[in-house]
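Structure first, then comments.
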Amino acid sequence: MIDLRSDTITRPTQGMLEAMTNAAVGDDVFGEDPTVNAFQKKVAELFGKEAGLFVSSGTMGNQLGIKVHTEPGDEVLIDEKGHVFNYETGAASFLSGVQLNPLKGERGKLSVDVLKNRVRGLYEWEPRTKVICIENTTNKGGGVCYTEQELNGISEFATDHELIIHLDGARIWNAITASGVKPKFFGEIAETISVCFSKGLGAPVGSMLLGPEEKIRKARRLRKMMGGGMRQIGLLAAAADYALEKHWPLLEEDHRRAKAFAQTVSECSQLSIDLDSVETNIVIFDVKEGGAPAALAKLADQGIHMVQFGADTIRATFHFQVGDAELEKVIKTIKSLFR
Ligand SMILES: Cc1ncc(COP(=O)(O)O)c(C=O)c1O
């Protein structure tokens, strides 16, 4: 089976399991786990942030990020394709009592043009816009990255309007690899960043919220409140650290394979794709006739699994446990099924 449904389906490697076994651990609710403490410091420093908080998932990282910046009734501006808006169970309204205002950007990215005139709070009957939530890379937007120039524009806009930027960096590692933008730059433009180790990096569990000391302290209390206080968490931090050290360099290969696959899709008369949107490990394409479920079933018959992303739309996501031999099989199969 070749599983391209998501980059979250990878299994821990032998090396990762050994790193977990060898981790020094303690009770993190007491703040006594040396491995997680060191890892939080390391990742925070990488992004030029004061502090980091290991959390169970990207969703928890994003939701804590939103909660530490807002009060009930506040508004968060987000692209309509944003993960926080589409795939986090409406948590922002439940946990923070905020209103998400989904805006129509480009491939999941916001821009100054899109944000212009959307800030509210001047009149007492309006919601108070507080946060701009951006995502990099964009998942539903096809894995595209922001340029430094685009981010500078959003950052200036946020400063001018006294807004806080939260960055959903579930795949920030892919963005750094593909765009060459340095981690510290993201730390400069975003007050908080949520990063994931369990997507393309291949850790079984784990994300981190990064930000100023005071906000991370607040997030730590909220994490406990949400049942996210964990004990000998060094086991998971060791896996995440291993993933960062050993698997981050492999993302470049995922991007190369995704591009080769996308090129094949573009050459198939029964499929269509916006090749320019393929910048990292995610490939989103359309089936011209017959719909996505039928196409996915044909692929599944050949042992190849992708995921439905709309009535006619399919997403394939590359990760380090799909190599060149698997890519070759996928390319051959796509050509024969959808020529
Ligand atoms: C862009 C983005 N943000 C956040 C998340 C949430 O991560 P988790 O599934 O760990 O909650 C995902 C998950 O795929 C994602 O793609």
Side-chain angles (χ1 to χ4, degrees), residues 55-144 146 150-151 153-155 157-172 175 186 189-196 199 207 209-211 215 218-219 222-223 225-226 228 282 284 309-310 315:
V55 292
S56 60
S57 66
T59 300
M60 189 179 257
N62 283 332
Q63 295 305 325
L64 288 175
I66 289 171
K67 194 155 177 65
V68 295
H69 299 316
T70 56
E71 287 169 27
D74 286 346
E75 181 177 68
V76 176
L77 301 177
I78 185 167
D79 186 274
E80 64 179 4
K81 287 192 162 74
H83 195 277
V84 167
F85 177 58
N86 289 287
Y87 303 125
E88 298 192 5
T89 65
S93 61
F94 179 68
L95 297 169
S96 299
V98 296
Q99 167 170 300
L100 297 180
N101 187 351
L103 307 177
K104 198 171 176 48
E106 185 85 19
R107 295 179 182 139
K109 293 197 291 185
L110 292 173
S111 64
V112 174
D113 273 354
V114 171
L115 292 163
K116 223 183 303 175
N117 302 323
R118 305 311 289 256
V119 179
R120 302 192 279 187
L122 181 62
Y123 304 106
E124 67 184 31
W125 50 88
E126 286 182 334
R128 272 191 320 174
T129 310
K130 212 49 183 304
V131 173
I132 300 174
C133 182
I134 55 176
E135 188 175 311
N136 198 24
T137 69
T138 64
N139 179 350
K140 205 171 163 63
V144 299
Y146 280 93
E150 289 166 339
L151 290 169
I154 294 174
S155 173
F157 181 89
T159 306
D160 290 349
H161 294 84
E162 294 180 22
L163 302 178
I164 295 165
I165 296 178
H166 170 75
L167 167 59
D168 175 356
R171 293 186 181 78
I172 198 73
F186 295 113
I189 64 112
E191 183 158 328
T192 48
I193 310 175
S194 167
V195 302
C196 290
K199 309 291 180 295
S207 294
L209 181 69
L210 306 162
K215 295 254 167 117
K218 192 170 168 190
L222 291 164
R223 181 186 69 169
M225 196 181 275
M226 292 175 191
I282 295 177
I284 294 182
F309 239 48
R315 186 190 75 174

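Enclosure of atom CD in Gln99 by more than 12 non-hydrogen atoms of other residues, nucleotides or ligands within 6.0 angstrom is indicated. Around atom CG of Asn117, no more than 12 heavy atoms belonging to other residues, nucleotides or ligands sit under 6.0 Å away.
Nearest heavy-atom pair, Leu100 versus Val84, reported as atom, atom and distance to 0.1 Å: CD1-O, 3.8 Å. Looking at every heavy atom in both residues, Ile66 comes nearest to Ala92 through CD1-CB, 4.3 Å. Looking at every heavy atom in both residues, Val131 comes nearest to His69 through CG2-CB, 3.7 Å. Between Lys140 and Tyr87, the closest heavy-atom pair is NZ-OH, 3.3 Å.
Lys218 is linked by a salt bridge (Lys or Arg N to Asp or Glu O under 4.0 Å) to nothing, counting only residues two or more places apart in sequence or in another chain. For Lys109, the salt bridge (Lys or Arg N to Asp or Glu O under 4.0 Å) partners are Glu150, not counting sequence neighbours. Listed by chain and number, the residues in a side-chain contact (heavy atoms from CB on, under 4.5 Å) with Asp79 are Lys81, Leu110 (sequence neighbours excluded). Residues passing the salt bridge (Lys or Arg N to Asp or Glu O under 4.0 Å) test with Glu71 are Arg128, sequence neighbours excluded. For the salt bridge (Lys or Arg N to Asp or Glu O under 4.0 Å) test, no residue two or more places apart in sequence or in another chain qualifies with Arg118.
Within the 4.5 Å cutoff, side-chain heavy atoms of Leu163 are placed close to those of Val119. Contact check for His166 versus Ser194: side-chain heavy atoms found under the 4.5 Å cut-off. Contact of the Phe186 side chain with the Leu151 side chain is registered, since non-hydrogen atoms from C-beta on lie closer than 4.5 Å.
Identified under the ring pair (Phe, Tyr, Trp, His ring centres under 6.0 Å) test for residues 91-111, with sequence neighbours left out: none.
The closest donor-acceptor contact from the side chain of Ser93 to the backbone of Gly90 lies under 3.5 Å. Judged purely by atom type and a 3.5 angstrom limit, Glu162 has no side-chain atom pairing as donor or acceptor with the backbone of Ala158. Counting only distance, with no hydrogens or angles, the side chain of Asn136 and the backbone of Gly169 share no donor-acceptor pair below 3.5 Å. Listed for the Lys67 side chain is a donor-acceptor partner under 3.5 Å among the backbone atoms of Leu95. In this structure, Glu75 contributes its side chain and Thr129 its backbone to no donor-acceptor pair below 3.5 Å. Side chain of Glu135 to main chain of Asn139: a donor-acceptor pair is present (N/O by atom type, distance under 3.5 Å, no hydrogens or angles). Counting only distance, with no hydrogens or angles, the side chain of Asn86 and the backbone of Gly82 share a donor-acceptor pair below 3.5 Å.
Ile134 pairs with exactly one of Leu167, Ile78, Leu77 by the side-chain contact (heavy atoms from CB on, under 4.5 Å) rule, that one being Leu167.
Cation-pi contact between Lys116 and Phe157: absent, since separation from the ring centre below 6.0 Å together with deviation from the ring axis within 45° is not met.
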